[in-house]
Amino acid sequence: MQIFYGKAALMDYLISLKTTNSSIGFVPTMGALHEGHQSLMLQSTKENDITVVSIFVNPTQFNNPEDLQKYPRTLDADILKISNINPEIIVFAPTVDDMYEGKTLSQSFDFDGLENKMEGKFRPGHFDGVGTIVKRLFEIVKPTRAYFGEKDFQQVQIVKKMVEKNHLDVTIVVCPIYREINNLAMSSRNERLTLHEREEAGIIYKILNGAKAKFSNNSAEKTTQWVKNEFNKNKIFTLEYFEIADETTLTTCKRKSKNKKYRAFVAVFVNNIRLIDTISLN
């Protein structure tokens with residue numbers, strides 16, 4: 001199994017492998033891998049000649065230093081999981097210095113306003129950090145296709161916009177959300193929950209499904225109020241935001257239109273652990 005800790009060595013190795021017609025699939029992760037990540041890797045190995053998985057906890061996308069410090073880091077276990085999926089997958093686990101060359105700062109991006117909605121509103125600078133690291137990783141790996149999970153739907157739209165504006169030759173492939181037995185969206189942060197919290201957190205998806213049913217016959221405003229009331233019933237949750245938005249522009253839905261696709265987005269704290277989820281509404 002090939003594991004690289006520096007970008008120069010990885011770039012040289014990929015140049016040596018790539019032929020005129022070969023394709024590279026790329027799965028960028030922050031580690032603490034779960035079945036959702038594994039599904040992205042499996043899809044990449046089916047659709048490409050070469051697959052690269054990066055494991056890098058990117059400091060510039062954390063606006064909360066405590067969240068960065070507590071983010072799970074399980075590199076040895078992650079490498080073993082990747083090896084069990086397919087030992088031919090190439091692992092890239094760079095250091096912060098290697099990726100940022102001593103200057104751990106974000107580039108500034110204009111995502112046509114997508115960065116100011118929801119996650120961007122509550123996590124200032126987050127998407128500049130995402131754009132910075134994803135752009136650098138794309139420049140290093142030069143993938144044909146890059147695989148992202150639908151749970152981070154806003155991030156996917158941001159990455160697509162970054163690719164479009166920088167004229168990058170990569171196809172963004174969006175893969176379905178993987179869920180635990182109780183329908184909690186799989187996330188590396190789930191590892192920080194207690195067993196009781198993890199069980200209770202299944203209600204997030206239950207409420208999202210309820211919102212989908214409500215939205216079919218009610219306004220976005222009434223649906224949003226219902227969701228807020230449901231979360232208020234359970235004291236272990238603190239709702240940061242619930243939003244119904246246009247899938248393409250992420251603009252908040254004020255009045256429903258038959259010609260638009262809508263999606264519900266939610267961010268919830270369980271104690272100090274922040275969980276997000278999303279569901280298509282029509």
Side-chain angles (χ1 to χ4, degrees), residues 27-41 53-82 84-85 91 93-96 104 118-127 129-130 133-134 148-156 175-208 227 230-242 264-279:
V27 182
T29 83
M30 293 208 297
L33 302 179
H34 50 68
E35 287 176 39
H37 294 118
Q38 292 171 39
S39 72
L40 304 183
M41 295 176 212
V53 175
S54 65
I55 299 172
F56 181 69
V57 181
N58 176 36
T60 63
Q61 69 189 67
F62 286 82
N63 60 312
N64 181 342
E66 184 182 350
D67 193 22
L68 173 61
Q69 184 183 353
K70 291 186 175 179
Y71 197 88
R73 291 164 172 82
T74 55
L75 182 58
D76 291 342
D78 291 340
I79 289 170
L80 182 60
K81 285 178 183 176
I82 295 168
N84 289 336
I85 293 167
V91 177
T95 63
V96 173
T104 314
M118 295 171 294
E119 291 294 286
K121 198 187 300 179
F122 287 91
R123 302 177 70 187
H126 170 66
F127 286 123
V130 170
I133 196 60
V134 173
F148 292 84
E150 189 180 47
K151 178 173 74 74
D152 298 295
F153 191 89
Q154 185 178 5
Q155 175 176 282
V156 171
C175 303
I177 299 172
Y178 258 61
R179 297 186 178 277
E180 299 188 6
I181 294 170
N182 66 348
N183 282 320
L184 172 64
M186 287 190 178
S187 168
S188 302
R189 286 185 171 87
N190 294 356
E191 299 302 317
R192 294 177 54 199
L193 299 169
T194 66
L195 185 60
H196 174 67
E197 289 168 345
R198 203 159 177 162
E199 288 172 356
E200 288 291 307
I203 201 171
I204 297 169
Y205 186 66
K206 187 177 179 182
I207 292 173
L208 281 180
V227 168
E230 289 299 301
F231 276 111
N232 284 338
K233 291 176 185 176
N234 195 316
K235 299 305 177 190
I236 75 164
F237 297 111
T238 303
L239 180 66
E240 184 173 60
Y241 69 77
F242 173 81
F265 300 85
V266 68
V268 181
F269 282 98
V270 181
N271 289 325
N272 291 320
I273 301 155
R274 189 174 185 275
L275 305 175
I276 64 169
D277 205 344
T278 182
I279 191 171

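Small disclaimer: the values here were computed from a predicted structure and weren't measured.
The shortest distance between side-chain heavy atoms of Asn234 and Phe237 falls below 4.5 Å. Residues Gln155 and Phe127 meet the side-chain proximity criterion, which asks for heavy atoms closer than 4.5 Å. You'll find the side chain of Pro28 stays beyond 4.5 Å of the side chain of Phe56, heavy atoms only. The shortest distance between side-chain heavy atoms of Pro59 and Val96 falls below 4.5 Å. Side-chain contact between Asp152 and Ile276: present, with at least one pair of heavy atoms (C-beta onward) separated by less than 4.5 Å. Two residues are said to be in side-chain contact when any heavy atoms from C-beta on lie closer than 4.5 Å; Val266 and Leu239 meet this criterion. The closest side-chain heavy-atom distance from Phe231 to Ile207 is below 4.5 Å.
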### Task
Run the numbers on Val268 and Asp277 for side chain to side chain contact (heavy atoms under 4.5 Å, CB included), then give the verdict.
CA-CA 9 Å; Val268 181; Asp277 205 344; over 6 Å; no

### Message
What verdict does the side chain to side chain contact (heavy atoms under 4.5 Å, CB included) test give for Leu80 and Asn84, after you've listed the backbone C-alpha separation in whole Å, the side-chain angles of each residue and the deciding distance to 0.1 Å?
### Response
CA-CA 6 Å; Leu80 182 60; Asn84 289 336; 4.0 Å; yes

### Trace of the side chain to side chain contact (heavy atoms under 4.5 Å, CB included) decision for Glu150 with Val156
CA-CA 7 Å; Glu150 189 180 47; Val156 171; over 6 Å; no

### Task
Decide yes or no on side chain to side chain donor-acceptor pair (under 3.5 Å) for Asn272 and Glu66, but give the supporting numbers first.
CA-CA 10 Å; Asn272 291 320; Glu66 184 182 350; 4.7 Å; no

### Message
Between Asp67 and Arg192, is the salt bridge (Lys or Arg N to Asp or Glu O under 4.0 Å) condition met? List the steps.
### Response
CA-CA 11 Å; Asp67 193 22; Arg192 294 177 54 199; 3.4 Å; yes

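Shown here are the side-chain hydrogen bond (donor to acceptor under 3.5 Å, both in side chains) partners of Lys206, two or more places apart in sequence or in another chain: there are none. Asn183 is linked by a side-chain contact (heavy atoms from CB on, under 4.5 Å) to Arg179, Tyr205, counting only residues two or more places apart in sequence or in another chain. Scored by the side-chain contact (heavy atoms from CB on, under 4.5 Å) test, Asn190 finds Glu180, Leu184, Ser187, Leu193, Arg198, Leu275 as partners (sequence neighbours excluded). Qualifying salt bridge (Lys or Arg N to Asp or Glu O under 4.0 Å) partners for Lys233, counting only residues two or more places apart in sequence or in other chains: Glu230. Partners of Thr194 according to the side-chain hydrogen bond (donor to acceptor under 3.5 Å, both in side chains) rule, which considers only residues two or more places apart in sequence or in another chain, are Glu197. With sequence neighbours excluded, the residues forming a side-chain contact (heavy atoms from CB on, under 4.5 Å) with Thr74 are Ala32, Ala77, Asp78, listed by chain and number. Remark: Arg274 engages Glu119, Glu240 in a salt bridge (Lys or Arg N to Asp or Glu O under 4.0 Å) (not counting sequence neighbours). In this structure Arg73 satisfies the side-chain contact (heavy atoms from CB on, under 4.5 Å) test together with Val57, Leu68, Tyr71, sequence neighbours excluded. Here Asn182 pairs with nothing under the side-chain hydrogen bond (donor to acceptor under 3.5 Å, both in side chains) rule; sequence neighbours left out. By the ring-ring contact (aromatic ring centres under 6.0 Å, His included) test, Phe122 is found to be paired with Tyr241, residues two or more places apart in sequence or in another chain being considered. Residues forming a side-chain hydrogen bond (donor to acceptor under 3.5 Å, both in side chains) with Gln69 (at least two apart in sequence, or on another chain): none.
Scanning all heavy atoms of the two residues, the minimum distance from Leu75 to Ala93 falls at CD1-CB, 4.0 Å. Minimum heavy-atom separation, Leu208 to Thr278: CD1-N, 3.8 Å. The minimum heavy-atom distance between Met41 and Val53, with the atom names listed, is CG-CG2, 3.7 Å. Counting all heavy atoms, side chain and backbone alike, Arg189 lies closest to Phe62 at NH2-CE2, 3.7 Å. Of all the heavy atoms in Met30 and Ile55, the pair that sits closest is C-CG2, 4.4 Å.
Here the NZ atom belonging to Lys121 is positioned 9.5 Å from the CD atom belonging to Gln154, to the nearest 0.5 angstrom. To the nearest 0.5 Å, the span separating CZ on Phe265 from NZ on Lys151 amounts to 12.5 Å. The CG atom of Asp76 sits 12.0 Å away from atom NZ of Lys81, with the distance rounded to the nearest 0.5 Å.
Judged purely by atom type and a 3.5 angstrom limit, His126 has no side-chain atom pairing as donor or acceptor with the backbone of Gly120.
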Going by atom type alone, with no hydrogens or angles, which donor-acceptor pairs under 3.5 Å involve a side-chain atom of residues 33-40 and a protein atom two or more places apart or on another chain?
residue, atom, partner, partner atom, Å
His34, ND1, Gly36, N, 3.0
His37, ND1, His34, N, 3.1
Ser39, OG, Gly36, O, 2.6

